[in-house]
Trainee: 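Here's a structure for you.
Counting starts at 1 for both ligands and their atoms, in listed order. The model shown is predicted, which means the values in this text are computed figures rather than measured ones.
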Amino acid sequence: MCTQNHPRDAYNIVVFTSLANTNPSGSNEPSAATKTVHAVCTHDCPDTCGLLVTVDTLTGRATRLQGDPSHPVTRGFLCGKVARYLDRVYSPDRLLYPMRRKAGVPKGPLPKGSERDAFERISWHEALDFVAMKLKQIAAESGPESILPYSYAGTIGQLGYGSMDRRFFYRLGASQLDRTICSTAGGEALKQVYGVKLGTIPQDFAHAGLIIAWGANIHGTNIHLWPFIEEARRHGASLVVIDPYRTRTAALADEHLAIRPGTDGLLALALMHVLFRDGHEDAEYLRECTHGAEDLRAYALREEHAPARVAAVTGIAADTIERLAQAYGNAGRNGSRPAAIRLNYGIQRCENGGTAARAVAMLPLITGSWKQRGGGLQLSTSGAFPFNSSRLQMPEMMQRSTLKRASRIVNMNQLGKALTELGQRSAALDSNDGPPVKALFVYNSNAAAVAPDSERVLAGLRREDLFTVVHEQFFNDTTDYADVVLPATTFLEHKDVLGAYGHLNAQISQAAIAPLGEARSNVWLFGELGQRMFSDKEFDDGEEELIAQALDTDHPFFAGITKQRLEREGHVPLSLPKNEHGESLPFSSREWFRTPSGRGELIPVPAWIAPHESRSGAEGAGEFPLEFLPRKADNYMNSTFANLPGHRHMERKTAGLLEIHPSDAAARGVSSGDSVSVWNGRGRITLTASVGETVPEGVVASRLDWQKLSHNGANVNMLTSERLSDLGGGATFYSTLVEVAKTEQTAAV
Ligand SMILES: Nc1nc2c(c(=O)[nH]1)N[C@H]1C(S)=C(S)[C@@H](COP(=O)(O)OP(=O)(O)OC[C@H]3O[C@@H](n4cnc5c(=O)[nH]c(N)nc54)[C@H](O)[C@@H]3O)O[C@H]1N2
Ligand SMILES: Nc1nc2c(c(=O)[nH]1)N[C@H]1C(S)=C(S)[C@@H](COP(=O)(O)OP(=O)(O)OC[C@H]3O[C@@H](n4cnc5c(=O)[nH]c(N)nc54)[C@H](O)[C@@H]3O)O[C@H]1N2
Ligand code: SF4
Ligand SMILES: [Mo]
């Protein structure tokens, strides 16, 4: 039940305790007793850092955060965002109490700082009773599928991301959410080619001779890989970046290839063309470890994939493609160091992104680069962690709902459509897409800022007949539309168990401090609601039971990884298969593949099809001639941190800018500092022009921010579309066409 003092027995595991003398001046201040707690950064970042949190045991306050020096990938440092995490935890803007929208206050943007006035504080008891009552009522009136959960990766902890929440919505019979906003196109690509999301161990990048960062802003979004790349470069490796935007990573690289967005699949085919044409393939590896090589070879060798033919579409000169292919093909031969590809999710945020990721993922299978330490490819390593998620989430509980069947699935990239169209057509068209959405339960996501096609999303959220609950750490764009807001804990305030998608160490994150105010974890919230609404014992499990369940597996990769050991050591490497030299080299031999054929799948051939909404595609010749990159900010985590003054200060040089190439700017009479309107058929935003060569001709870029902190209260997702990628139903943020004009001009039109 809910109490003000949340009982937590085991939340402070002390790694070591010290008596630190905080008294350098020699005054009579008492010495503060401190303890150090092992926690884990649970933000949606491949690095999943181990942290040491210093806590003042007298006040219970965290006073210092540092990267865990004993963690093999964190290696003692944190990114700039989380080095300032205490600013977030102890921010005066934290949402600390449950609140309910005051009668008569309409849903819609609230100026920052005024949010509290729109809501009245209520107790947890009232809040939970009210939410349970409303959900029961809506389920009874419109069917449980009229309730839609909406969550993503506010935390990627196994418990916080998906455990008790799933049990709750399954038991209720709510619509299922297909969590596709980030990585499903690329994830599906890896599964098709390799059968599992796994790749080169980050530490092994230090042994590469050539590193290709392909749609990967390593320095911005994956900083803990960088030291391994620097180590490789000290031994002579070169770094090539393939990215339409000149990222921090590109600026630091040996070569930057500013590819046209959405053309990576074609570039990969051209590389394959040269590899096969010039005999760079590893025939023995292809025979032993792959399936379909002959079909792929014949397809890649077609004339349309020759570098000279591909150059114009990709924007990369034929001789550059030749040179890169030769370097890739020769790496690892005659005693040289191998080539490693860091493919990140950038390339799969396009309409053809699944196939593009599939094509790139095939390259190391052709050259056999997996066989050498420092070779291979990494997109994600998350599939290596055999957490027992079905035990945690219990999808079978759907059968206990009033539906007694699996409920419908809603793709999260089409939230706007779900809130404005779903069920509307049912009567007229007799379609079976189910009832309209009547309740939306948002947690782990700032939906109003991050979902594509904001215009539609916000129109849906404004509906007064939609009951919206938001569990959050801050008043953000989404809470502005909530009927009830519930305060959430940060990762310093709850316990969890984690894998990672950029390394291969399992970790337990301890709750370093007690929850602030009345903030509560996702596990607690959905356990409480489950207990109120149902009598199932599955809602009684707490963090300790859930962690044990997550680790309950016989999978060999978890051999020797127990809860006790994780509690004691903080981080433990997976038990991956090793070769005779004691090295774990994914896909160096057949045992690693998880495809039905047990080999790397090179078919069907990855045919390149231009994205519909791109300059090479059907809409390219229309009224919106510029490709738009609505990018992540280096100093935020998607929309997280954007409200904190220190983080905004770090991002000040790029926030609110439209980066545009000099020739595109000149054609529109735009100079740096001009206010520009950027628009397409879905929406319009205002930004400040920054003319320069961070983008190639034909491409413009801007950063994701909160709507309410953006000029005119509208962010980049006003322009993005709900169209889905070719694989996995993924988002297509980077397949967006726009036009740009100085604001005076557009005002006059
Ligand atoms: N600082 C910071 N770190 C983060 C995040 C953040 O917001 N800020 N977000 C986190 C999240 S949610 C994720 S999923 C990961 C993702 O990390 P990344 O996969 O690195 O994500 P993106 O920045 O979307 O894309 C990487 C690069 O791909 C480029 N790109 C766009 N379109 C194309 C294309 O068609 N072809 C090629 N070759 N490149 C293209 C972009 O310009 C970008 O520089 O990072 C995580 N880490
Ligand atoms: N234009 C554009 N749009 C994008 C992207 C892009 O690159 N460009 N990137 C896309 C990608 S890759 C992703 S992954 C999505 C990310 O979309 P989201 O997952 O919505 O990411 P964030 O903006 O970080 O918002 C996460 C929210 O969760 C809250 N939170 C953190 N921890 C907890 C917790 O324990 N409990 C609860 N209840 N809440 C918590 C935070 O306060 C924060 O407001 O955005 C996508 N949208
Ligand atoms: S955001 Fe990423 S790099 Fe920064 S501390 Fe967290 S896991 Fe590490
Ligand atoms: Mo993401």
Trainee: Would you check whether M637 has a nitrogen or oxygen atom less than 3.5 angstrom from a nitrogen or oxygen atom of ligand 2?
Mentor: yes
Trainee: Could you go through T694 and E659, starting from their C-alpha distance and side-chain angles, then the distance that decides it, and tell me whether this counts as side chain to side chain donor-acceptor pair (under 3.5 Å)?
Mentor: CA-CA 7 Å; T694 52; E659 294 171 77; 2.9 Å; yes
Trainee: What atoms in ligand 2 come closer than 4.0 Å to a heavy atom of A488?
Mentor: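 Result: 36 (N), 37 (C), 38 (N).
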Trainee: Less than 6.0 angstrom from the centroid, inside 45 degrees of the normal: does R166 satisfy that with respect to the ring of F526?
Mentor: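 Not flagged: R166 not positioned over aromatic ring of F526.
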Trainee: Flag Q473 as yes when one of its N or O atoms lies below 3.5 Å from any N or O atom of ligand 2, and as no otherwise.
Mentor: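 Yes, at least one N or O pair falls under 3.5 Å.
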Trainee: Compute the minimum heavy-atom distance from R88 to ligand 2 and say whether it is under 4.0 Å.
Mentor: yes
Trainee: Heavy-atom pairs closer than 4.0 Å: do any link ligand 2 to the side chain of H43, the backbone, both, or neither?
Mentor: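 Within the 4.0 Å criterion, H43 makes no contact with ligand 2.
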Trainee: Among protein heavy atoms, which sits nearest to atom 45 (O) of ligand 2, and what does the distance come to when rounded to 0.1 Å?
Mentor: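 The closest one turns out to be V450 CB, 3.4 Å.
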Trainee: Examine distances only and state if a side-chain atom of N717 and a backbone atom of V450 form a donor-acceptor pair shorter than 3.5 Å.
Mentor: yes
Trainee: What part of T490, side chain, backbone, both or neither, has a heavy atom within less than 4.0 angstrom of ligand 2?
Mentor: neither
Trainee: Could you state the interatomic distance from CG (L252) to CZ (R246), rounded to the nearest 0.5 Å?
Mentor: 10.5 Å
Trainee: Distance to 0.1 Å, residue and atom name: give those for the protein heavy atom nearest to atom 24 (O) of ligand 2.
Mentor: T640 OG1, 2.5 Å
Trainee: I need the atoms of ligand 2 closer than 4.0 Å to a non-hydrogen atom of N717, numbered in the order shown.
Mentor: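 Here the atoms of ligand 2 in question are 1 (N), 2 (C), 3 (N).
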Trainee: Can you pull out the closest protein heavy atom to atom 12 (S) of ligand 2? Residue, atom name and distance to 0.1 Å, please.
Mentor: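 Result for atom 12 (S) of ligand 2: K632 NZ, 2.9 Å.
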Trainee: Between R75 and D68 (salt bridge meaning N to carboxylate O under 4.0 Å), is one present in this structure?
Mentor: no
Trainee: Using atom types as modelled and distance alone, determine if a side-chain donor or acceptor of E651 lies under 3.5 Å from a backbone N or O of N635.
Mentor: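 Judged by distance alone, yes, a pair lies under 3.5 Å.
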Trainee: Between the main-chain N or O of T640 and the side-chain N or O of N638, is there a donor-acceptor pair closer than 3.5 Å?
Mentor: no
Trainee: Sum up the protein N, O or S atoms located under 2.8 Å from atom 2 (Fe) of ligand 3.
Mentor: 1
Trainee: F641 vs H647, test: ring pair (Phe, Tyr, Trp, His ring centres under 6.0 Å). Steps then yes/no.
Mentor: CA-CA 6 Å; F641 299 114; H647 291 77; 4.6 Å; yes
Trainee: For atom 36 (N) of ligand 2, grab the closest protein heavy atom and report residue, atom and distance to one decimal in Å.
Mentor: N522 OD1, 2.7 Å
Trainee: Any N/O of A153 closer than 3.5 Å to an N/O of ligand 2?
Mentor: yes
Trainee: What residue among N444, T489, D496, T155 forms side-chain hydrogen bond (donor to acceptor under 3.5 Å, both in side chains) with N522?
Mentor: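 That would be N444; it is the only one of N444, T489, D496, T155 passing the side-chain hydrogen bond (donor to acceptor under 3.5 Å, both in side chains) with N522.
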Trainee: Might you point out which heavy atoms bring V89 and E493 nearest each other, and give the distance in Å?
Mentor: CG1-OE2, 4.0 Å
Trainee: Write out the residue and atom name of the closest protein heavy atom to atom 34 (C) of ligand 2, then the distance separating them to 0.1 Å.
Mentor: N444 OD1, 3.3 Å
Trainee: Out of all atoms in ligand 2, which are within 4.0 Å of some heavy atom of C182? Include the element for each.
Mentor: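 Those atoms are 12 (S), 14 (S).
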Trainee: Taking only distance into account, with no hydrogens and no angle test, what donor-acceptor pairs under 3.5 Å do side-chain atoms of residues 182-191 form with protein atoms, sequence neighbours excluded?
Mentor:
residue	atom	partner	partner atom	Å
T184	OG1	T180	O	3.4
T184	OG1	G728	O	2.9
E188	OE2	Q192	NE2	3.1

Trainee: Is the closest heavy atom of T720 to ligand 2 under 4.0 Å?
Mentor: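 For ligand 2, residue contact (heavy atoms, under 4.0 Å) with T720 is absent.
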Trainee: If you look at every heavy atom in D634 and R703, which pair is closest and at what distance?
Mentor: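 So the two residues come closest at N-NH1, 3.7 Å.
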Trainee: Just jot down the ligand 2 atoms closer than 4.0 angstrom to any heavy atom of H494, in number order.
Mentor: 35 (O)
Trainee: Using a 4.0 Å cutoff against the non-hydrogen atoms of T155, which atoms of ligand 2 qualify?
Mentor: 34 (C), 35 (O)
Trainee: Is F733 near ligand 2, meaning one of its heavy atoms is under 4.0 Å from it?
Mentor: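 The answer is yes: ligand 2 sits under 4.0 Å from a heavy atom of F733.
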Trainee: Which atoms of ligand 2 are found less than 4.0 Å from any heavy atom of V716?
Mentor: 1 (N)
Trainee: Any idea which heavy atoms bring P149 and Y443 closest together, and the distance?
Mentor: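 In terms of heavy atoms, the two residues are closest at CB-CE2, 4.4 Å.
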Trainee: Can you report which non-hydrogen protein atom sits closest to atom 6 (C) of ligand 2, along with the distance?
Mentor: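 The closest one turns out to be P630 O, 3.8 Å.
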Trainee: For side chain to side chain donor-acceptor pair (under 3.5 Å), just list the numbers for S639 and N446, CA-CA rounded to whole Å, side-chain angles, deciding distance to a tenth of an Å, and then say yes or no.
Mentor: CA-CA 7 Å; S639 79; N446 186 4; 3.0 Å; yes
Trainee: Any nitrogen or oxygen of Y152, side chain or backbone, less than 3.5 Å from one on ligand 2?
Mentor: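 For ligand 2, there is no N or O atom that lies under 3.5 Å from one belonging to Y152.
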Trainee: Main chain of T479, side chain of E472: is a donor-acceptor contact present, judged purely on distance under 3.5 Å?
Mentor: no
Trainee: Looking at atom 16 (C) of ligand 2, what's its closest protein heavy atom, distance included?
Mentor: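 For atom 16 (C) of ligand 2, the nearest protein heavy atom comes out as N638 ND2, 3.5 Å.
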Trainee: Give yes if a backbone or side-chain nitrogen or oxygen of S639 is under 3.5 Å from a nitrogen or oxygen of ligand 2, and no if not.
Mentor: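 Yes; the residue has a nitrogen or oxygen that sits under 3.5 Å from a nitrogen or oxygen of the ligand.
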Trainee: Can you pull out the closest protein heavy atom to atom 44 (O) of ligand 2? Residue, atom name and distance to 0.1 Å, please.
Mentor: E472 OE2, 2.4 Å
Trainee: What atoms of ligand 2 come within less than 4.0 Å of a heavy atom belonging to D44?
Mentor: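 The atoms of ligand 2 under 4.0 Å from a heavy atom of D44 are 14 (S).
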Trainee: Do any N/O atoms on H471 end up under 3.5 angstrom from N/O atoms on ligand 2?
Mentor: yes
Trainee: In terms of atom number and element, which parts of ligand 2 are under 4.0 angstrom from non-hydrogen atoms of N476?
Mentor: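 So the answer, numbered in order with elements, is 44 (O).
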Trainee: So, using side-chain hydrogen bond (donor to acceptor under 3.5 Å, both in side chains) as the criterion, who are the partners of N222 when residues are at least two apart?
Mentor: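 N222 satisfies side-chain hydrogen bond (donor to acceptor under 3.5 Å, both in side chains) with D47, R342 only.
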Trainee: Taking the side chain as C-beta and beyond, is there a heavy-atom pair between V484 and T468 under 4.5 Å?
Mentor: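 A side-chain contact under 4.5 Å is absent here.
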Trainee: What residues, two or more places apart in sequence or in another chain, satisfy side chain to side chain contact (heavy atoms under 4.5 Å, CB included) together with P244?
Mentor: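 Scan of P244 (side chain to side chain contact (heavy atoms under 4.5 Å, CB included), adjacent residues dropped) gives I259, P261, L629.
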Trainee: What is the minimum heavy-atom distance between L65 and Y85, and which atoms define it?
Mentor: CD1-CB, 3.3 Å
